[in-house]
Engineer: 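Structure in structure tokens, see below.
This is a predicted model, so every value here is computed, not measured.
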Amino acid sequence: MRFGIVRFPGSNCDFDCERAVRSGLGEVPVILWHKEESLLGADIVLLPGGFSYGDHLRAGAIARFSPIMKAVRAFAAAGGPVLGICNGFQILCEAHLLPGALIRNRGLRFRCHSVYLRVESTVTPFTGEYGERQILCLPIAHGEGQYVADADTIDELERDSRVIFRYVDRAGETTTDSNPNGSLRGIAGVCSAKRNVVGLMPHPERAISQLLGSADGLGVFQSAVAALASLEGVAS
């Protein structure tokens, strides 16, 4: 099973994703340089966090035009599983593979600490191994993580169960204090209409072992493996 990890100039979580795939899953990742025009046979595509192109203009605005993104769009259109983490989520929104946008945090401060998330839907390739409404503890590290969209889009996401992760407190309740960046309705991650493209601001790749403070993020990667194995089983 091939995990393709896209590396842009300024990516800094690509190594964390690579370690999660190697150490957490025992799978072999493939690094996809941003100038590549194909995904080199990847079965799953990861867009990691960091500061692609220095976040010039705004986060993800330049990366969306990288040559590799044409292949990512085609892969997603064909139903391929794509995960964007932090800057990767920003890129997916800029590329219109996910709705909405990520803007400067409420308070205009960079936030770097652990947060609690509630799994709102397990019907994606990246959440199938979790329980619905399961509480996760994952780290964040971002300055532009406030998720916004127009009211109709937010209502549509809620109605179609496309809000995948939501910021909550330790007890699983949505509160003002549990929302680290001011995201509308505490939204921490969403999926596409086909549910195969998922973006989230917290970093599951930095929470794959208790040695890192939490192993709650490993389920994201395990879910992808299980989802693909299930598809392969149906095909055979």
Engineer: If you group Ile, Leu, Val, Met, Phe, Trp and Tyr by side-chain heavy-atom gaps below 4.5 Å, do L212 and F221 land in one group?
Structural biologist: yes

Engineer: Does the side chain of V190 reach to within under 4.5 Å of the side chain of Y147, using non-hydrogen atoms?
Structural biologist: yes

Engineer: If you count the non-hydrogen atoms of other residues, nucleotides and ligands that lie under 6.0 Å from CZ in R109, is the total more than 12?
Structural biologist: no

Engineer: Would you call E158-R185 a salt bridge at under 4.0 Å N-O?
Structural biologist: yes

Engineer: Where do A207 and P139 come nearest, in terms of heavy atoms and distance?
Structural biologist: CB-CD, 4.0 Å

Engineer: Is the NZ or CZ atom of R118 positioned over Y167's six-membered ring, under 6.0 angstrom from the centre and within 45° of the axis?
Structural biologist: no

Engineer: Is there a chain of hydrophobic side chains (I, L, V, M, F, W, Y, each step under 4.5 Å between heavy atoms) that links Y116 to M201?
Structural biologist: no

Engineer: Run the numbers on N181 and H142 for side-chain hydrogen bond (donor to acceptor under 3.5 Å, both in side chains), then give the verdict.
Structural biologist: CA-CA 9 Å; N181 47 42; H142 59 250; 3.0 Å; yes

Engineer: Check whether F15 and L46 end up in the same hydrophobic cluster, where Ile, Leu, Val, Met, Phe, Trp and Tyr are linked by side-chain heavy atoms less than 4.5 Å apart.
Structural biologist: no

Engineer: Taking all heavy atoms of A226 and all of E129, pick out the closest pair and write down the distance.
Structural biologist: CB-OE2, 3.5 Å

Engineer: Is there a path from M1 to F126 through hydrophobic residues (I, L, V, M, F, W, Y) whose side chains come within less than 4.5 Å of each other?
Structural biologist: yes

Engineer: Do you see a donor-acceptor pair shorter than 3.5 Å between the side chains of D150 and T153?
Structural biologist: yes

Engineer: Determine, stepwise, if the pair F89 / L102 fulfils side-chain contact (heavy atoms from CB on, under 4.5 Å).
Structural biologist: CA-CA 8 Å; F89 185 12; L102 285 308; 4.1 Å; yes

Engineer: Quick one, V197 and L92 - any side-chain contact, counting heavy atoms below 4.5 Å?
Structural biologist: yes

Engineer: Let me check something: do L228 and Y130 share a hydrophobic cluster, defined by ILVMFWY side-chain heavy atoms less than 4.5 Å apart, either directly or through other members?
Structural biologist: yes

Engineer: Let's go through E94 and R58 carefully: what are the C-alpha distance in whole Å and the side-chain angles of both, what is the deciding distance for side-chain contact (heavy atoms from CB on, under 4.5 Å) to 0.1 Å, and is it a yes or a no?
Structural biologist: CA-CA 10 Å; E94 289 287 340; R58 61 183 177 273; 2.7 Å; yes

Engineer: Show the nearest heavy-atom pair for residues G219 and S223, with the distance to one decimal.
Structural biologist: O-OG, 2.6 Å

Engineer: Between R206 and D16, does any NZ, NE, NH1 or NH2 come within less than 4.0 Å of an OD or OE carboxylate oxygen?
Structural biologist: yes

Engineer: V6 pairs by side-chain contact (heavy atoms from CB on, under 4.5 Å) with which of V45, V30, D14?
Structural biologist: V45

Engineer: If you measure from NZ on K70 to OG on S38, what distance do you get to the nearest 0.5 Å?
Structural biologist: 12.0 Å

Engineer: Please give me the minimum heavy-atom distance between S52 and N87, naming the atom from each residue.
Structural biologist: OG-OD1, 2.8 Å

Engineer: Got L47 and L83 here, is their nearest side-chain heavy-atom distance under 4.5 Å?
Structural biologist: no

Engineer: Would the distance check show the side chain of S183 and the main-chain N or O of G145 forming a donor-acceptor pair, the cut-off being under 3.5 Å?
Structural biologist: yes

Engineer: Any ion pair linking R104 and E144 (charged N to carboxylate O, less than 4.0 Å)?
Structural biologist: no

Engineer: Can you confirm whether I140 sits close enough to C112 that some side-chain heavy atom of one is under 4.5 Å from a side-chain heavy atom of the other?
Structural biologist: no

Engineer: Within the 4.5 Å heavy-atom criterion, are L138 and F165 side-chain neighbours or not?
Structural biologist: no

Engineer: How long is the span from the OG atom in S11 to the CD1 atom in I31, to the nearest 0.5 Å?
Structural biologist: 9.5 Å

Engineer: Are any of the side-chain heavy atoms of I68 and E37 separated by less than 4.5 Å?
Structural biologist: no

Engineer: Can you tell which of E132, R162, R195 makes a side chain to side chain donor-acceptor pair (under 3.5 Å) with S121?
Structural biologist: R195

Engineer: Using the rule given for side-chain contact (heavy atoms from CB on, under 4.5 Å), can you reason through L25 versus Q222, listing the C-alpha separation, both sets of side-chain angles and the distance that settles it, and then say yes or no?
Structural biologist: CA-CA 7 Å; L25 301 177; Q222 293 171 330; 3.8 Å; yes

Engineer: Taking side chain as C-beta onward, heavy atoms only, is L157 less than 4.5 Å from P99?
Structural biologist: yes

Engineer: In chain order, what residues pass the side-chain contact (heavy atoms from CB on, under 4.5 Å) check against S178, with sequence neighbours excluded?
Structural biologist: D169, T175

Engineer: Do T124 and I164 pass the side-chain contact (heavy atoms from CB on, under 4.5 Å) test, and can you show the C-alpha distance, the side-chain angles, and the key distance before you say yes or no?
Structural biologist: CA-CA 8 Å; T124 80; I164 305 304; 3.6 Å; yes

Engineer: Can you classify the ring geometry of H34 versus F8 as parallel (below 30°), tilted (30 to 60°) or perpendicular (above 60°)?
Structural biologist: tilted

Engineer: Heavy atoms only: give me the nearest F51-F110 pair and the separation to one decimal.
Structural biologist: CZ-CE1, 4.3 Å

Engineer: Are L117 and V168 packed together at the side-chain level, in the sense that at least one heavy-atom pair is separated by less than 4.5 angstrom?
Structural biologist: no

Engineer: Show the nearest heavy-atom pair for residues L40 and R2, with the distance to one decimal.
Structural biologist: O-NH2, 2.8 Å

